[in-house]
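Quick note on labels: first sequence line is chain A, next is B, and so on, each numbered from 1.
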Amino acid sequence: MGSTKPNFSVVGKSLPRLDGPAKVRGKAEFTDDLKMSGMLYGSIKQSTVGHAIIKNINFSKALKLPGVVAVITGKDAPKPFSASGFKPTETALAVEKVTYYGEGVAAVAAIDEATAEDACELIEVEYEELPVLTDPEEALKSKTQIHEWAKNNITCDGIQEFGDVDDAMKKADFIVENTYKSSYVNNAFLEPHAALAHYEKPCGKLTIHAPNQLPHYMQLAVSQTMEVPMEKVRIISPMIGGGFGGKTDPTPAAVAAAMLSRKTGRPVKIANDRKEVFLQNKGRHPAIMKIKMGLDKEGNILGLEFDSTLDGGAHTSWGLVVFWFTAALLQMPYKVANSRFSGRRVFTNKPACGAQRGLAGVQVKMAMESLMDEAAHKLGMNPYELRKKNAVETGYKTPSVTVCGHSEFKKCLDTVVKNADYNNKVGQLPYGKGIGLAGGHYSSGGAFLLYRSLRPHSTANIKIDTEAGITVFTGATDIGQGATTVIPQMVAEIFGVDYTDVNLVIQDTMLTPMDNGTMDSRVTYGAGHAVKNAAMDAKKKLQEGIAPFLETQADKVSCELGKVCSIEGSKKEIPFIEAIRTYQEKHGTLYGEGSYTPPQPIGDYPGKLIGPSPAFGFTAQIAEVEVDLETGKITIPNYYEAGDCGQPINPMSVHGQVEGAISMGLGQALYEEMIVAENGEMMNTSFHGYRIPTTMDMPPIHSEIVESYDPGSSFGNKEVGEGPTCAVIPAILNAIYDAIGIRFTEVPVTPEKVLFALKEKEAQSK
Amino acid sequence: MKQALELNINGLTYDVVVSPREILADVLREKLGLIGTKKGCGQGDCGTCTVLIDGRPYLSCITLALSCKGKEILTIEGMEKDGELHPIQKSYIKNGAVQCGFCTPGMIMSSKALLDENPKPTEMEIRRALEGNLCRCTGYTKIVEAVQNVKQGGKE
Amino acid sequence: MHLPQFQYSAPKTSDEVEALLAEQKDKAKILAGGTDLIVQMKEKAHRPEFIIDITGIESLSKINYDNGKGCTIGSATKIENIEKTDVIKEKYAALSKGASVIGSTQIRAMATIGGNTCNASPCADTVSPLVVFGAKVNITSKNGKRDVLLEKFIKNNGVTDLNPDEFVESFTLEEPWPNSGSAYEYMGLRNAMEIDMVNFAANIAMDGDKIKDIRLAMGSVSPVPLRGTKAEEMLKGQVPTDELIEKAAKACSDASIPIDDIRASADYRREIVGVLAKRVIKKALASIKK
């Protein structure tokens, strides 16, 4: 571990969340809880075809319904938008053409929600239907093109190659290869998307309240599609009821609310129902992954080939990022000197895919970690030994010249293997019972974030005065992960005060400085750096300002236990708030500012902007499974995890992140899948059709945070939110293999698939 | 036809005028400002709208407001007493059972229904009582712990 | 997602319900727990003009066990009461079990046995258990009362034998056979909040080491509740050996006529009927007090 780890007094403590009281009392205000005077309610008319040219929209009956104030169509804001900014295709309401079943075609503002919904039923739309493409491999070959610019329906494609793969494969003693297919899943956060927009005509200002993980990205996207100058657009994210990546793109509903507000001059709220969330929220890309690995006799990985076809659905969203991040994630957590990634991201007539917790990693690790087990079996090696042999360590430099600044991945493997007693169980349990191991890693924020990236990724301000104590201003967002608790813990550490004494101003593009927001597991790392720098800046001013009063020098002034004191000489001390009073009498309000820019990506290769990160978190996980051999039903009696997140700022929150990540992975492994019919209609747009794990499905989770400290980080901390999601599917697939000797290459592994695979195996053995 | 309706909520009587199509969750949220009751799915599948009606956990998103005439409704806002949190609420905070917080009010109401009937539930009884309350953030581990650790089973 | 417009009435007696139905006929729908109807109305699958809420009618929510004569359960009885009532647990275990696995805690607190059966969904968890207890549906209207066997009452997926002016007052279950036991199991993807892929109920009476009486019923494998008639014949009067149970289970599987849908394929359902049949028959036998 890092030798420079300081003794922390607030950081590293499992302190209760600061937003806990508001949330348990029902006082926390989410977007749909907000009201404004004169507010109207909006509703969106959805298309009932999967792919079609809009011939005509007749809304005269809707306009006549008492209580209806306005109706709009796509023509009212035809410029496409997306958070990523890369080749956007989506508009709030379809313009001229519908590209998926359920896409909005018109929107109504009325005096209440029921009236707005009733009015939508009165809108008549005439379509000229086009062939519906639901399969990415068919879409690649089809003469039908979903978007004019996208030849063969390809959003983006490319090759990323390091070393000499063909030579490595020739030299390999063993080759393993397989094709894995990951599934079409949804973020399924509990709070549906909603937006309350208010366009004030007299001053040309547009304010949107919406649960968005990236308010500053949303601001730019909204400004572009609404053609309102960016500085006149203000995005406020109220409490966010779960995001997981699905609240990164501005929603069609948010933009439609803005359009309706501009038309009516009144605030307009649109709250999506669950069906709309399934259709318009953008979840994980399904991937068809062909993977091939060459190893020598000792188990060293010599070469890796990976080809991925990503099914993007109807719109671009984060397609480019998911595509190249897939390539980047092949470079760790194992040393791979020679690799070739190839792939393409394809449009289909389905609800679009975007970002979901463990973006790209869930797909990559499903294939890679399954293949690691296949390789171990072929070599006759313990899967743990094979992983450990190839595991990256601190200082490892990938062929793409990304440096792994700090890794305790081997410690994660050792710890989880010990805790689950893996070596005494793997290959030795009775038929029907199994145990499976998988590893994973994830970045702590990208080095480059598509646009506005040359400026600092995070800026934070701090204001300290006797009027409000310590107030931190940051554009980071809390989507439930706990930023609003860990940031005050960091600041409290620096000033030696109680973390409950730190106020936060967040999630508002007007009140807070620019921040890249909550994605890519970057907040505690990136925003954490900026907040620490701001606090250190203020502390330095305080030390200098108060030193004469304490009859000492600035570098001898310490802030601890709620006091400011001289640690040498006079040994004078005063309560923190008195020190601030003293400072303020002479200098006025105390301000600090800080920012953070990650090191820029180096090297020159396709897709180099996506993937490099200043720090990587690691995880190792073990699933135990029991297979009901008569029904095929799988149960998971126990689940183990050991993680390297650097120094945990709040261990209780870290465990909470890990447990949540595992539940999302388990859901995708066993239950969840969006089912789309041939006409493009999604068949399970509800929580009884799309089944996420319940209390009865989650096993006891035994997670351990391994001792770790990344000296390159603000408090030694690294990623934890996403990496743990990525190892779950392969841990379960490997455990199923251990139980019944069947290698599943597709998820979800339903009882039906298991039972028929067992029967096939039985028939073959006869 | 709109109808006048008296609703007994958290020990107080509210007069509202509702149309038959109005559901309890909307009346609580839109007409009475009791926004702690959430709407996560509108189809009775997620449990975020759970309130207690005569002590039993009901899904207020599929309950007609008019059908609540003469019944005692308890919402999350009625859990605290003079600003002092209920032991279940305290336990949720202390045990890290809250993340995004959207499922929390409904989860707490289901916990209350359980503990009122069974102050010392087993882990399996807790899991079963909460099976209709979905949470996407926590994996439920800390929620189950929070209910296990409620002081005196929530009796005040 | 809002409900369509309708008129609402919450009568206090069965007579009032009869009068309202006589007037409104098929314009009206009976609202009990609402866990199916309200959701279907929100999805605009039904647009009744008139809703008759029967949850306030006390006489419809009673469980009356009359020793030696059987048990009558009011149609508005909450599922959780069926799950938890001692007499049901002791004498009609399959029904208590079926009730206990419906939806979630909240759904069981709201939903009623009348709703679960009158919705006529092939996957309803109380229907198969009711069938094995020979349940009769007690139907009433302004024109009089009649009863019909539950297995004849459900005509098709979503269709019952009810005339527009009729409603279900209660269900009458036979007195349990002497020396008998019952069991129920279902197959779902998750361990809670599931819509059954298959369910199975058995009620078996023994005479010495031989089966004296037996009823088997399966759900979610046909548009209507299905009796395992052939399997019953195979087992009746016989010693239930593992081998014979296996054969009977196969007969149930062969008798099932399931469909493919998004929850499971017909082939899988057929397989599971066999597995559940075997397990449930054994469980029912094991539950018989020696």
S.K.: Walk me through it: do B:T141 and A:M698 pass the test side-chain contact (heavy atoms from CB on, under 4.5 Å)?
M.R.: CA-CA 8 Å; B:T141 310; A:M698 285 308 296; over 6 Å; no

S.K.: Count the heavy atoms of every other residue, nucleotide or ligand shown that sit under 6.0 Å from NZ of B:K31, and state whether that count exceeds 12.
M.R.: yes

S.K.: Hey, could you give me the CZ/CG distance between B:R21 and A:D118, rounded to the nearest 0.5 Å?
M.R.: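 It comes to 4.5 Å.
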
S.K.: Got a donor-acceptor contact below 3.5 angstrom from the A:K23 side chain to the B:I93 backbone?
M.R.: no

S.K.: With chain B, which of A:Q657, A:K27, A:K35, A:R357 has the greatest number of heavy-atom pairs at distances under 4.5 Å?
M.R.: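 Sorted descending by pairs with chain B, the first entry is A:K35.
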
S.K.: Just by distance, do the side chain of B:E131 and the backbone of A:M696 share a donor-acceptor pair under 3.5 Å?
M.R.: no

S.K.: Are the side chain of B:Y140 and the backbone N or O of A:S663 linked by a donor-acceptor pair below 3.5 Å?
M.R.: no

S.K.: Side chain of B:Q99, backbone of A:G656: donor and acceptor closer than 3.5 Å?
M.R.: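 Looks like yes, one N/O pair under 3.5 Å.
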
S.K.: With a 4.0 Å cut-off on N to O distance, would you call A:E113 and B:R29 a salt bridge?
M.R.: no

S.K.: Report yes or no: does B:R127 contribute a side-chain atom to a donor-acceptor pair with the main-chain N or O of A:T695 at less than 3.5 Å?
M.R.: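 Here the side-chain-to-backbone pair exists.
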
S.K.: How long is the straight-line distance from CD of B:E145 back to CD of A:E659, given to the nearest 0.5 Å?
M.R.: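 If I round to the nearest 0.5 Å, the distance is 7.0 Å.
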
S.K.: I need the residue from A:G482, A:P700, A:P21 with the largest number of non-hydrogen atom pairs under 4.5 Å to chain B.
M.R.: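 Maximum pair count with chain B is reached by A:P21.
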
S.K.: Distance from B:E30 atom CD to A:D33 atom CG, nearest 0.5 Å?
M.R.: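 Going from CD on B:E30 over to CG on A:D33, the span is 9.5 Å.
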
S.K.: In Å and rounded to the nearest 0.5 Å, what is the NZ to CD distance from A:K275 to B:Q43?
M.R.: 9.5 Å

S.K.: Would you mind checking if A:D32 and B:K38 are paired as a salt bridge, meaning a charged N to carboxylate O distance below 4.0 Å?
M.R.: no

S.K.: Please enumerate all residues that pass side-chain contact (heavy atoms from CB on, under 4.5 Å) together with A:P211, with sequence neighbours excluded.
M.R.: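 Once residues adjacent in sequence are excluded, the partners of A:P211 under the side-chain contact (heavy atoms from CB on, under 4.5 Å) criterion are A:T31, A:E191, A:I240, A:K247.
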
S.K.: Does any heavy atom of chain A fall under 4.5 Å from the side chain of B:Q89, the backbone, both, or neither of them?
M.R.: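 The answer is both parts of B:Q89.
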
S.K.: Heavy-atom distances under 4.5 Å only: say whether B:N95 touches chain A with side chain, backbone, both or neither.
M.R.: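 For B:N95, the backbone is the part near chain A, not the side chain.
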
S.K.: Can you tell me which portion of A:Y41 sits under 4.5 Å from chain B's heavy atoms? Options are side chain, backbone, both or neither.
M.R.: side chain

S.K.: Just by distance, do the side chain of B:R136 and the backbone of A:N187 share a donor-acceptor pair under 3.5 Å?
M.R.: yes

S.K.: Quick one: pull up SG in B:C46 and CD1 in A:I692 and give me the separation to the nearest 0.5 Å.
M.R.: 8.5 Å

S.K.: Quick check for you: to the nearest 0.5 Å, what is the distance between B:C41 atom SG and A:Y690 atom OH?
M.R.: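 If I round to the nearest 0.5 Å, the distance is 15.0 Å.
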
S.K.: For chain B, which candidate among A:P16, A:P192, A:G242 shows the most heavy-atom pairs at distances under 4.5 Å?
M.R.: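 Among A:P16, A:P192, A:G242, the one with the most close pairs to chain B is A:P192.
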
S.K.: Give, as side chain, backbone, both or neither, the part of A:A114 having an atom under 4.5 angstrom from any heavy atom of chain B.
M.R.: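 Both backbone and side chain.
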
S.K.: Name the region of B:K90, side chain, backbone, both or neither, that has any atom closer than 4.5 Å to a heavy atom of chain A.
M.R.: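 For B:K90, no heavy atom lies under 4.5 Å from chain A.
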
